[in-house]
Amino acid sequence: MSFSSEVKEELKRHESQARHCCIAEFAALFILAGHVKRYGNGDIYIKIQTENLTVAQKSYILLRKTFRAKIEIMVRRHNLQAGAGSYSVYVTRKRDVLNILQAVKIINGQREPWGSLSEVHNLVVQNTCCKRAFLRGAFMAAGSVASPEKSYHLEIAVLSGRLAEQIRGIISSFMIDAKIIERKKYYVVYIKESSQIVDFLNVTGAHIALMDFENVRIVKEVRNSVNRQVNCETANIGKTVTAAARQIEDIKYIQGNMGFGKLTEGLKEIARLRLEYPESPLQELGRMLSVPIGKSGVNHRLRKLSDIANQMREEAGR
């Protein structure tokens, strides 16, 4: 099971206690996967069609719990071996249909048109708890989240630009920075920041998935930090080795072409120590001197030797 499926499975098990929250959660499922159909005689019925078993199960749970509706279910298998199929949840009893449409603000108390299936009515998500419930339903119906082991990306893809703006606005009300991008026929509301994906999971009630996400994120951050430190130390070692090799080359050039006789005592001593201890760091070389000096003092003497060697090379090339 993918991480995204695990999140949806956890959200399916989340039960809102307040009826208005159940209505908000169902409204998201209904807007994103539902249809209002007509029979030949003009009577209407509700159909929720999805290829996601979790959405079908949650729709059934909410319809029974919130509206005590009479429900019919149809399952069609596209691929018996893969277990792929589509699920249709029907509400055909007239009083149930009208009750549901009125609750999600598609029609008003006089059974006149009030809202639409391309957006959520503001009255449905006026409470903070209802906003949480709506986002829970929206993610189950049209959302996905990448495994934190691979990347940080959460999105909800919808067909309506107005609905995408509403979803982004609801997410933003929880101080989460969501953005919208158009992808083919979809408007995709997405979050890329790992900490904000964690906040979204918390808002929707996916607390187990949140802990799993955080555990992976912490391990990745520690691993990346260690890798950066190792890379930095490796680079520093490389620089040190390169510098030491260049210093030894300069000292040997001086030794072979002029000898150490004309050097000051300080330069002679550091030159001999560098040749004797080619891998020692500057600070350690400084402690070996007859009169110990610091790292900067050792570096200064070695630079002087380098200058002498370069000057000798220039004179030899004339």
Side-chain angles (χ1 to χ4, degrees), residues 11-12 14-50 54-74 87-143 156 158-174 187 189 203-205:
L11 294 180
K12 183 193 73 176
H14 190 288
E15 293 188 14
S16 299
Q17 299 303 314
R19 186 173 187 273
H20 48 80
C21 292
C22 292
I23 291 172
E25 187 171 354
F26 177 76
L29 299 175
F30 187 39
I31 289 170
L32 291 166
H35 308 273
V36 179
K37 301 284 189 177
R38 285 191 181 274
Y39 293 113
N41 63 4
D43 288 343
I44 59 176
Y45 65 95
I46 286 173
K47 177 183 179 182
I48 296 174
Q49 185 168 349
T50 178
T54 303
V55 173
Q57 291 172 329
K58 190 65 174 184
S59 298
Y60 179 88
I61 292 168
L62 290 171
L63 285 167
R64 291 292 297 167
K65 174 184 176 180
T66 311
F67 305 104
R68 301 192 181 280
K70 183 180 178 181
I71 304 165
E72 298 174 22
I73 299 176
M74 181 180 294
Y87 308 90
S88 298
V89 180
Y90 294 92
V91 179
T92 58
R93 193 164 60 186
K94 186 174 182 179
R95 70 169 182 268
D96 293 336
V97 173
L98 294 175
N99 186 23
I100 292 167
L101 294 180
Q102 187 173 339
V104 297
K105 308 300 187 248
I106 301 297
I107 62 174
N108 61 20
Q110 288 71 47
R111 301 181 182 178
E112 298 169 338
W114 193 10
S116 74
L117 280 176
S118 63
E119 59 184 286
V120 61
H121 199 290
N122 290 331
L123 289 178
V124 175
V125 288
Q126 61 181 339
N127 299 324
T128 299
C129 55
C130 294
K131 291 177 181 178
R132 293 174 181 270
F134 182 83
L135 290 177
R136 187 158 52 245
F139 182 82
M140 279 191 287
I156 300 174
V158 301
L159 293 171
S160 164
R162 168 61 180 157
L163 180 58
E165 289 290 352
Q166 285 184 308
I167 292 173
R168 179 172 65 172
I170 294 172
I171 293 174
S172 298
S173 70
F174 294 99
Y187 297 86
V189 184
V203 164
T204 55

Is the backbone of [Y] close enough, under 3.5 Å, to the side chain of [X] for a donor and an acceptor to pair up by distance?
| X | Y | result |
| --- | --- | --- |
| Asn108 | Gln110 | yes |
| Gln166 | Val120 | yes |
| Arg38 | Tyr45 | no |

Please name the pair of heavy atoms, one in Cys21 and one in Ser16, separated by the smallest distance, quoted to 0.1 Å.
CB-CB, 3.7 Å
Determine the minimum heavy-atom distance between Ala24 and Phe134, stating which atoms define it.
O-CD1, 3.5 Å
[atom1]-[atom2] distance between [X] and [Y], expressed to the nearest 0.5 angstrom:
| X | Y | atom1 | atom2 | answer |
| --- | --- | --- | --- | --- |
| Tyr187 | Leu159 | OH | CG | 9.5 Å |
| Glu25 | Thr204 | CD | OG1 | 10.0 Å |
| Ile46 | Asn99 | CD1 | CG | 9.5 Å |
| Lys47 | Lys37 | NZ | NZ | 5.5 Å |
| Lys58 | Thr50 | NZ | OG1 | 14.5 Å |

For Phe67 and Phe26, take the angle between the two ring planes, folded into 0 to 90°, and tell me which bin it lands in: parallel under 30, tilted 30 to 60, perpendicular over 60.
perpendicular
Residue pair Val158 / Ile31, side-chain heavy-atom distance below 4.5 Å:
no
Salt-bridge present (Arg168, Glu165; N to O < 4.0 Å):
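Yes, charged N to carboxylate O under 4.0 Å.
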Lys94 atom NZ: more than 12 heavy-atom contacts under 6.0 Å
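Counting neighbours around NZ of Lys94, 12 or fewer heavy atoms of other residues, nucleotides or ligands fall under 6.0 Å, so no.
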